[in-house]
Number of protein chains: 2
Amino acid sequence: MKLIQHGAFLLCLSLISTGAQAQAAYNQEREAFQVKAIYDEVLLNGQCYAWLEHLTTRIGHRLSGSSGAAAAIEYTRQMMDTLGLDSVWLQPCVVPRWHRGDPEIVRIVNAPSVGSLDLNALALGNSVGTGPDGVSAEVIEVLSLDELRALPDATVRGKIVFFNRPLDVTLVNTFQAYGRAVDQRGTGPVVAARKGAVAALVRSMTTALDDVPHTGSTRIDPDGANIPAVAISTNDAELLSRLLMRESVRVFIRTTCQMLEPVQSYNVIGQINGSERPDEIILVGGHLDSWDVGHGAHDDGTGCVQSIEVMRTLLARGYRPRRTIRCVMFMNEENGLVGATTYAAVSNERNEFHLAAIESDAGGFVPLGFTCAARQELQEAYLANVAKWWDVLAARGLYIRPGGSGADINPLRSQGGLLFGLRPDSQRYFDYHHTAIDTFDKVNERELKLGAAAMTSLVYLLDKYLNRAK
Amino acid sequence: MKLIQHGAFLLCLSLISTGAQAQAAYNQEREAFQVKAIYDEVLLNGQCYAWLEHLTTRIGHRLSGSSGAAAAIEYTRQMMDTLGLDSVWLQPCVVPRWHRGDPEIVRIVNAPSVGSLDLNALALGNSVGTGPDGVSAEVIEVLSLDELRALPDATVRGKIVFFNRPLDVTLVNTFQAYGRAVDQRGTGPVVAARKGAVAALVRSMTTALDDVPHTGSTRIDPDGANIPAVAISTNDAELLSRLLMRESVRVFIRTTCQMLEPVQSYNVIGQINGSERPDEIILVGGHLDSWDVGHGAHDDGTGCVQSIEVMRTLLARGYRPRRTIRCVMFMNEENGLVGATTYAAVSNERNEFHLAAIESDAGGFVPLGFTCAARQELQEAYLANVAKWWDVLAARGLYIRPGGSGADINPLRSQGGLLFGLRPDSQRYFDYHHTAIDTFDKVNERELKLGAAAMTSLVYLLDKYLNRAK
């Protein structure tokens with residue numbers, strides 16, 4: 001009792017002497033204790049796995065503008081409402097609405113060696129369809145956009161261009177491998193269209209060799225040179241490539257996908273108001289939309305439920321943040337980023353300042369660390385600040401490195417805060433990414449919770465120790 | 001051309017001046033290149049995943065003395081034979097042979113609230129059976145061996161003792177959690193037997209809450225006070241515990257397991273002879289036996305195929321080791337350690353010296369680092385040596401820490417070398433450990449290969465830079 005009174009007295013003195021601008025002195029032992037308490041709370045009482053089960057197995061996939069997306073918005077809004085946050089609201093945004101239509105047909109037609117054969121295929125998001133009659137043409141394989149650009153237009157005209165450069169499996173970080181291959185999916189079809197191709201086939205963006213096709217967005221040419229673009233599985237890409245080494249191959253493609261009218265949708269936002277500096281916002285978030293196959297479990301159901309878990313855990317710990325802590329479920333990351341651009345535009349309009357933001361959009365696997373980025377002239381000052389207290393997270397096995405943050409929070413960088421991306425182990429991510437097998441059963445409860453615990457710990461430490469760099 | 005000649009000339013000079021004792025000067029840039037080449041070889045051409053598929057899906061589980069174990073011995077011997085090692089041989093050892101018998105019955109009998117109910121159960125390895133008539137008794141729950149020891153014998157006599165202390169899920173390293181709970185399985189039944197219990201139920205050793213029972217070895221009392229001991233799933237343990245809070249519960253147990261006569265078995269060994277110091281052995285290994293359910297995929301099929309992958313990769317790289325590199329598939333780790341003790345006894349008899357040994361027996365998950373141990377008086381000198389060149393592995397995200405190595409190689413510590421344990425991420429290991437769901441599909445190809453690449457890189461660096469500490 002005496003000790004407590006003494007402590008309270010010292011606390012008062014401390015508040016008087018430093019006022020509202022008080023920045024606590026960093027004490028590693030104390031913060032290691034706090035971080036352990038956060039980890040314990042998440043591992044013992046965390047709800048994120050149960051939330052994910054509902055989001056993935058009861059609601060399912062959630063492409064922008066779909067009924068699944070609407071259900072997910074309502075579910076996460078209600079879920080945050082029950083947590084006791086200071087406010088929860090929907091932020092309107094108008095999203096593109098792409099519709100896949102009938103199951104895709106990609107058929108090798110009468111090849112001398114294999115006859116006719118259906119390949120495992122998924123139309124790329126945003127792409128136009130062939131229409132009900134389909135399209136049939138000879139296939140030419142390219143390994144890069146430069147190789148395609150160097151071909152005479154006459155060689156490409158009337159053909160189906162097949163982009164077949166594999167992900168480099170020797171890159172231990174699979175996101176690097178993805179980053180170096182994904183131009184084929186994102187830009188390849190438009191380049192092919194401009195050279196007169198009638199359709200594009202793209203090898204699935206995965207490090208695995210299997211029968212699972214991976215969808216994902218492809219760029220639409222505003223000038224209208226768009227052709228049907230379809231992903232095929234890596235095993236089928238290997239097969240097609242082997243056939244092309246010895247004979248000419250014709251492929252029939254039928255897709256009925258189309259872009260419908262844009263519709264009203266929402267970012268889902270909840271926050272705990274800051275007690276000292278409510279004008280400085282620390283954001284945690286993921287994206288609520290997913291592709292229209294599978295459950296959107298690792299992409300990005302896990303990031304959403306981890307972000308809400310951060311809020312639940314701070315409240316459960318009775319923590320009263322100095323800054324405003326805001327949780328955002330962004331809409332339409334997959335095929336338009338409308339939620340992210342809307343959020344940033346509204347925030348800038350209101351002269352908000354995001355001191356920090358953390359995005360979880362790399363899967364719900366075991367967390368290895370964070371990458372971070374700020375405006376170039378501020379980066380050094382921020383890293384120096386973070387270095388002062390990172391040891392408590394390093395002791396939890398978490399690294400900090402300069403690097404990207406996340407597609408949804410990146411537009412906030414201009415405000416001058418520090419942006420973080422959660423970096424889970426990446427080995428399995430591209431086994432599931434954008435596929436029918438990105439389902440709840442691929443997520444491990446402990447791995448998911450450890451990610452949420454790492455994010456909560458970082459939010460807590462940022463709230464206590466990060467200073468705005470100028 | 002000139003540069004190459006100049007280099008060759010310098011190399012000759014260097015060999016002349018230092019002779020066979022030559023220890024290359026460590027050059028981080030050069031070794032980073034070598035380690036990358038090792039990783040590339042494993043990730044691009046590694047065979048371990050295909051070997052694992054055969055070992056797990058075609059051969060299956062491999063309890064000591066079983067036909068599966070015999071098939072696995074022959075398969076791995078043949079596989080190593082085809083690699084072009086300098087020698088491959090079988091090392092005889094006589095192993096215990098435990099037989100599970102009929103599917104276990106563990107039935108709550110006529111409980112007032114739930115009636116009769118069968119629980120998910122697996123007899124513990126080595127345990128005696130109830131015989132065909134089974135045993136039926138009232139259950140008492142304890143949370144620790146100390147709690148049990150403190151009970152009057154009269155309270156325990158004639159009862160079934162139910163050990164129900166959960167793994168501590170707040171421990172991020174699940175092996176720690178396992179280590180703090182497993183006395184209930186290993187020693188609990190003998191303590192219960194000595195106090196007059198008629199059988200023991202043990203909560204499964206897992207961080208998960210599910211319906212999967214986990215077997216594992218239990219200690220046999222040489223003085224004969226042994227009772228039937230059975231693991232039940234964590235969900236069933238929770239159910240039983242809740243029932244016991246409000247009513248007395250009788251359980252019927254029927255197991256027909258028994259220990260048969262010991263049989264001849266083998267460790268499987270292959271080696272590449274050292275070119276400079278063949279008398280200094282660097283060992284890599286795992287254990288070939290598994291429990292008699294599931295595939296023994298993560299425990300320890302992965303460690304076996306990773307160890308063979310180390311040998312394949314060294315040969316594929318054309319590396320000529322200075323020391324003798326030996327790959328050992330140990331028999332009978334799970335229920336007797338006969339393979340390990342035989343191996344060490346033979347090695348000591350021959351005055352062999354194991355400069356280093358690496359065991360992979362913690363699952364085929366993404367590798368995070370290695371723990372290492374030596375005789376106490378040598379530990380510091382070894383760690384100082386390793387610290388000189390670990391930066392090249394640290395750059396691959398691998399830590400080095402003092403700690404355990406592995407049950408099979410531990411007896412070699414007395415020889416005065418340095419022993420390592422591969423430490424993969426531990427979050428999922430106890431979801432599968434000793435269960436029917438430890439199957440091939442739980443292993444990710446890239447994670448498995450990254451473990452093999454880490455082990456190969458370590459073997460390479462040990463061969464080049466580790467000096468014997470004295």
Side-chain angles (χ1 to χ4, degrees), chain A residues 35-46 49-50 166-174 177 206-210 234 363-369 393-399 401 423-432 437 441-451 453-454 457, chain B residues 35-46 49-50 166-174 177 206-210 234 363-369 393-399 401 423-432 437 441-451 453-454 457:
Chain A
V35 166
K36 174 164 171 44
I38 287 170
Y39 270 69
D40 288 359
E41 172 60 31
V42 176
L43 287 167
L44 288 170
N45 305 318
Y49 190 65
L167 270 66
D168 180 353
V169 298
T170 69
L171 293 167
V172 172
N173 182 332
T174 60
T206 173
T207 44
L209 273 176
D210 61 21
T234 47
F365 305 99
V366 71
L368 302 182
L393 295 180
R396 293 261 153 194
L398 299 170
Y399 67 72
R401 283 180 206 151
R423 295 298 154 216
D425 175 55
S426 72
Q427 300 313 315
R428 288 168 280 150
Y429 188 67
F430 291 99
D431 292 356
Y432 312 130
I437 62 170
D441 57 299
K442 306 307 189 305
V443 179
N444 176 274
E445 180 170 0
R446 284 180 62 84
E447 296 190 337
L448 179 74
K449 285 179 170 175
L450 286 172
S457 302
Chain B
V35 166
K36 173 166 173 44
I38 287 170
Y39 270 71
D40 288 359
E41 173 59 31
V42 177
L43 287 167
L44 287 169
N45 306 319
Y49 189 67
L167 270 66
D168 180 352
V169 297
T170 70
L171 293 167
V172 172
N173 182 331
T174 61
T206 173
T207 43
L209 273 176
D210 60 22
T234 47
F365 304 99
V366 72
L368 301 182
L393 295 179
R396 292 261 155 194
L398 299 169
Y399 68 71
R401 283 179 206 153
R423 297 296 157 217
D425 176 56
S426 72
Q427 299 314 314
R428 288 167 280 151
Y429 187 67
F430 291 99
D431 291 355
Y432 312 131
I437 62 169
D441 57 298
K442 306 307 188 305
V443 179
N444 177 274
E445 181 170 0
R446 283 180 63 84
E447 296 190 336
L448 178 75
K449 286 180 169 175
L450 286 172
S457 302

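Heavy atoms only: backbone and side chains are in, while hydrogens, waters and symmetry mates are out. Order of the sequence lines sets the chain letters (A, B, ...), proteins ahead of strands, with each chain counted from 1.
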Do you know which of B:Val42, B:Thr170, B:Val172, B:Leu44 has the most heavy-atom pairs under 4.5 Å to chain A? B:Thr170
When heavy-atom pairs shorter than 4.5 Å are enumerated against chain B, which of A:Lys36, A:Arg428, A:Glu41, A:Glu447 gives the highest number? A:Arg428
Among A:Gln427, A:Arg396, A:Glu445, which residue has the highest count of heavy-atom pairs closer than 4.5 Å to chain B? A:Gln427
Going from [atom1] on [X] to [atom2] on [Y], what distance comes out if it is rounded to the nearest 0.5 angstrom?
{"X": "A:Thr207", "Y": "B:Asn444", "atom1": "OG1", "atom2": "CG", "answer": "7.5 Å"}
{"X": "B:Leu43", "Y": "A:Asp168", "atom1": "CG", "atom2": "CG", "answer": "9.0 Å"}
{"X": "B:Leu368", "Y": "A:Leu368", "atom1": "CG", "atom2": "CG", "answer": "7.0 Å"}

Please check if the side chain of B:Arg446 supplies one atom and the backbone of A:Val169 the other of a donor-acceptor pair under 3.5 Å. yes
Okay, A:Lys449 and chain B: the region with an atom under 4.5 Å from a heavy atom over there is neither
